[in-house]
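What follows is a short report on a single structure.
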Amino acid sequence: MTAPSTVRLTVAQALVRFLAAQRSERDGTERAMFAGCSGIFGHGNLAGIGQALLEQELREPGTLRYHQARNEQAMVHTAAAFARMRNRLSAWACTSSVGPGATHMVTGAALATINRLPVLLLPGDVFATRVAPPVLQELEYPGGYDVSVNDTFRPVSVFFDRIWRPEQLPSALLGAMRVLTDPAATGAVTIALPQDVQAEARDWPSELFAARVWHVPRPVPEPAALARAAAVIRSAQRPLIVAGGGVIYSEATGELREFAEAAGIPVTETQAGKGALRYDHPLALGAIGATGTTAANRMAADADVVIGIGTRYSDFTTASRTAFARPQVRFVNINVAGADAAKLAGTALTADAREALRALAGALAGWSTAAAYREQGRRLAAEWDEAVGRAYALGHRPRPAQAEVIGAVNDAAGADGVVVCAAGSMPGELHRLWRSQDPKGYHVEYGYSCMGYEIAGGLGVKIADPGREVFVLVGDGSYLMMAQELVTAVQEGIKIIVVLVQNHGFASIGALSETVGAARFGTQYRYRDAASGRLDGGVLPVDLAANAESLGATVYRAETIGELRAALAAARGEPGPVLVHIETDPLVPAPGSEAWWDVPVAEVSELDATRRARKAYEAAKVDQRPYLGPPQP
Ligand SMILES: Cc1ncc(C[n+]2csc(CCOP(=O)(O)OP(=O)(O)O)c2C)c(N)n1
Ligand SMILES: [Mg+2]
């Protein structure tokens with residue numbers, strides 16, 4: 001009998017070697033699961049994971065390539081954007097030191113989990129042996145020394161483990177991989193690594209490092225559930241599809257189009273689902289909900305059956321549960337995750353979007369909506385498109401409106417560009433104004449709507465698909481929160497085109513503030529005025545174009561839409577990262593969505609504006625629906 005073969009490695013070396021050997025497969029195509037690993041080193045990870053990444057780079061160049069980041073939160077955004085662009089079929093790992101480097105990643109973890117995107121986080125942790133506590137940056141939680149700052153990852157991770165002993169590593173790795181490659185369970189996966197354990201050696205069974213293929217499932221619908229869903233749809237006169245991110249991740253956009261065409265059902269889109277159907281398709285109504293088009297929202301108001309596909313029904317999608325206004329409205333929910341399929345008391349079809357759409361198309365063969373119904377949608381969509389055309393060509397002076405900037409970027413992006421955005425006033429305008437021509441051309445992070453995602457996310461998109469031009473739209477507020485990854489873009493030669501929209505403050509929150517009767521308080525970037533004692537002095541003299549230049553980006557300063565268009569054309573020819581700076585007028589509204597969003601207003605106030613806002617709020621609240629399902633017979 002021969003002894004089983006083993007390899008002597010540290011925990012960190014074993015982990016890195018394992019990651020480099022993982023592969024994913026769907027529809028017969030196989031690929032490396034991890035394309036790379038971003039990291040910032042400190043005493044909590046450099047001797048462990050850092051040393052192991054160095055050995056990996058020398059041993060097998062090109063596998064698990066290391067990228068340096070400037071901020072740990074940003075590198076998780078890059079990882080999340082990468083996974084989204086790759087339809088969750090591959091992922092990116094992130095290593096941090098112990099303490100603040102680790103907790104910086106918590107925001108990124110929440111973003112990934114909320115958006116159902118796989119990221120692997122490897123925060124350093126305090127000594128398992130605890131021989132000289134407290135170590136630098138240790139929390140010293142009085143209720144128990146087995147608690148560290150990394151426990152804050154638990155509620156924002158779909159899988160969390162801490163490797164107190166080397167023997168625990170293999171089961172943690174297999175558990176992590178299962179969750180990362182399961183579309184129903186995926187999100188942030190965190191493996192906390194005590195700094196002493198990372199450097200500890202052990203004889204590992206060789207099979208731990210064998211190439212391992214993880215099959216990403218496409219669960220098929222249960223026949224009885226399919227029959228129930230088909231019966232509900234057949235009973236509809238005014239069915240409406242809400243396409244979410246799941247349609248795109250499942251690569252089901254072709255099946256969505258075929259299903260919608262065969263059954264004559266108009267299609268609306270969530271933020272993550274935007275791009276599922278081309279904007280000019282005869283059944284496309286565009287964005288739904290609080291940031292939606294009037295076409296989608298008017299049709300939603302009167303829909304009798306809503307078919308949600310791969311959507312988590314956020315408050316923006318349902319306009320805080322006012323969008324679907326018919327008393328007897330029913331929902332059919334296709335979702336790979338049972339928890340999402342069960343929402344709004346819907347008829348659940350727990351399955352992969354592509355499989356479910358194929359099966360439903362078969363079950364509904366020969367059935368279709370009335371021509372007059374489809375015609376109504378087409379007419380409303382045409383009206384909306386004219387409104388978009390006017391907003392794109394507003395010609396506002398002296399500073400252009402933001403919608404005109406969006407129009408110019410839309411033209412520059414064409415069919416192969418990708419637009420990236422996350423927070424501020426742009427996501428809402430992009431959702432209803434952007435004319436999408438491709439399922440991967442629209443990348444707005446609106447699950448967490450995290451200021452600072454934009455540039456870091458743009459890097460992830462570009463790394464995932466270097467063949468496409470990436471246009472990052474970022475407000476001055478978001479830019480000031482997290483611009484530093486421009487340095488990473490320069491370092492790695494990652495070509496992104498950042499369009500910085502300068503409006504001297506939080507325009508989105510300013511507008512929202514007006515609606516709640518709070519008079520734009522605290523939303524403009526102004527000096528504290530000596531006389532008033534308030535932040536209502538002159539505009540702060542920041543020059544963010546100069547800032548970007550100082551970080552190494554090529555910068556264009558545009559003042560008019562004409563100059564913006566020229567700069568965008570020139571930017572396409574630049575080899576490295578570009579930033580185009582433009583000032584807009586924050587007070588020009590884009591065409592509205594006629595929809596509501598629930599943001600509570602003070603119930604009592606000394607201010608007239610607040611009292612008026614409260615009245616309007618109470619009136620709007622009346623229309624909010626519980627969606628508890630049809631009355632039981
Ligand atoms: C990290 C984070 N903090 C706060 C918010 C709340 N918030 C949403 S938009 C916004 C202002 C964004 O400002 P800017 O990027 O300049 O965009 P603008 O609103 O001017 O379009 C704020 C503070 C957020 N979404 N994310
Ligand atoms: Mg701003």
Could you go step by step and tell me if L344 and R321 meet the side chain to side chain contact (heavy atoms under 4.5 Å, CB included) rule? CA-CA 9 Å; L344 311 188; R321 307 212 173 190; 3.4 Å; yes
Stepwise side chain to side chain contact (heavy atoms under 4.5 Å, CB included) test for E269 and L277: CA-CA 8 Å; E269 293 169 338; L277 191 63; 3.9 Å; yes
Go through the steps for F324 and I288 under the test side chain to side chain contact (heavy atoms under 4.5 Å, CB included), then give the verdict. CA-CA 10 Å; F324 312 109; I288 179 98; 4.1 Å; yes
Show your reasoning for whether side chain to side chain contact (heavy atoms under 4.5 Å, CB included) applies to T181 and M33. CA-CA 9 Å; T181 54; M33 181 65 192; 3.8 Å; yes
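Listed for the R17 side chain is no donor-acceptor partner under 3.5 Å among the backbone atoms of F209. At distances below 3.5 Å, not a single donor-acceptor pair connects side-chain atoms of R435 with backbone N or O atoms of D280. In this structure a side-chain-to-backbone donor-acceptor pair under 3.5 Å is present from R234 to A363. Distance alone, capped at 3.5 Å, is enough to place a donor-acceptor pair between the N45 side chain and the S96 backbone. At distances below 3.5 Å, at least one donor-acceptor pair connects side-chain atoms of S235 with backbone N or O atoms of V232. Remark: side-chain polar atoms of D304 are paired, donor with acceptor, to backbone N or O of R238 under 3.5 angstrom. Not a single donor-acceptor pair under 3.5 Å links the side chain of H215 to the backbone N or O of P217. Remark: the backbone N or O of L193 is paired with a side-chain donor or acceptor of Q198 at under 3.5 angstrom. Side-chain atoms of E445 come within 3.5 Å of backbone atoms of Y448 as a donor-acceptor pair (strictly under, hydrogens ignored). A distance-only check finds a donor-acceptor pair linking the side chain of S593 to the backbone of A290 [under 3.5 Å].
Between I307 atom CD1 and I334 atom CD1 the span is 7.0 Å, to the nearest 0.5 Å. With rounding to the nearest 0.5 Å, the separation of CZ in R354 from CG in L256 is 13.5 Å. Of the inter-residue distances, the one linking R26 atom CZ with S250 atom OG reads 5.5 Å to the nearest 0.5 angstrom. Taken from OG1 in T369 to CD in E375, the straight-line distance is 11.5 Å, to the nearest 0.5 Å. Taking CD of E72 as the start and OG1 of T107 as the end, the distance is 11.5 Å to the nearest 0.5 Å. Rounded to the nearest 0.5 Å, atoms CZ (R432) and OG1 (T293) are 9.5 Å apart.
Side-chain contact between T95 and L53 is present, with heavy atoms from C-beta onward closer than 4.5 Å. With contacts defined as side-chain heavy-atom distances shorter than 4.5 Å, the pair I163/L15 does not qualify. Using a 4.5 Å cut-off on side-chain heavy atoms (C-beta onward), W214 and R178 make contact. The closest side-chain heavy-atom distance from I309 to I241 is below 4.5 Å. Between V332 and V305 the shortest side-chain heavy-atom distance falls below 4.5 Å. Inter-residue side-chain proximity for L174 and F18 is flagged as met; some heavy-atom pair is nearer than 4.5 Å. Within the 4.5 Å cutoff, no side-chain heavy atoms of M85 are placed close to those of I463. Taking the side chain as every heavy atom from C-beta outward, N335 and T311 never approach each other to under 4.5 Å.
Ring geometry for W597 versus F316: interplanar angle of 30 to 60°, hence tilted. Note: F331 and Y627 have perpendicular aromatic rings, judged against thresholds of 30 and 60 degrees for the angle between ring planes. Classification of the W92-H67 ring pair by plane angle, with boundaries at 30° and 60°, yields perpendicular.
The closest side-chain donor-acceptor pair between T63 and Q56 falls under 3.5 angstrom. In this structure, a donor-acceptor pair under 3.5 Å is absent between the side chains of Q73 and H104. In summary, the side chains of Y453 and H443 do present a donor paired with an acceptor at a separation below 3.5 Å, with no hydrogens or angles considered. For the residue pair Q168/D161, the side-chain donor-acceptor check at 3.5 Å is not satisfied. In this structure, a donor-acceptor pair under 3.5 Å is absent between the side chains of T270 and R312.
Heavy atoms from other residues, nucleotides or ligands lying under 6.0 Å from CZ of R65 number 12 at most. Within 6.0 Å of atom CD in E30, more than 12 heavy atoms from other residues, nucleotides or ligands are found, so the atom counts as buried in its surroundings.
Counting all heavy atoms, side chain and backbone alike, V11 lies closest to P166 at CG2-CB, 3.6 Å. When all heavy atoms are compared, the tightest approach of A345 to G629 is CB-N, 3.5 Å. For V16 against A52, the heavy-atom pair with the smallest separation is CG2-CB, 3.8 Å. Smallest separation of non-hydrogen atoms from N333 and G346: ND2-CA, 3.7 Å. Nearest heavy-atom pair across V179 and A185 is CG1-O, 3.7 Å. Nearest heavy-atom pair, A422 versus S449, reported as atom, atom and distance to 0.1 Å: O-OG, 2.8 Å.
The cationic group of K274 lies under 6.0 Å from the six-membered ring centre of Y442 and within 45° of the ring axis, placing it in a cation-pi geometry.
The salt bridge (Lys or Arg N to Asp or Glu O under 4.0 Å) check on R162 picks up D125, D151, with sequence neighbours excluded.
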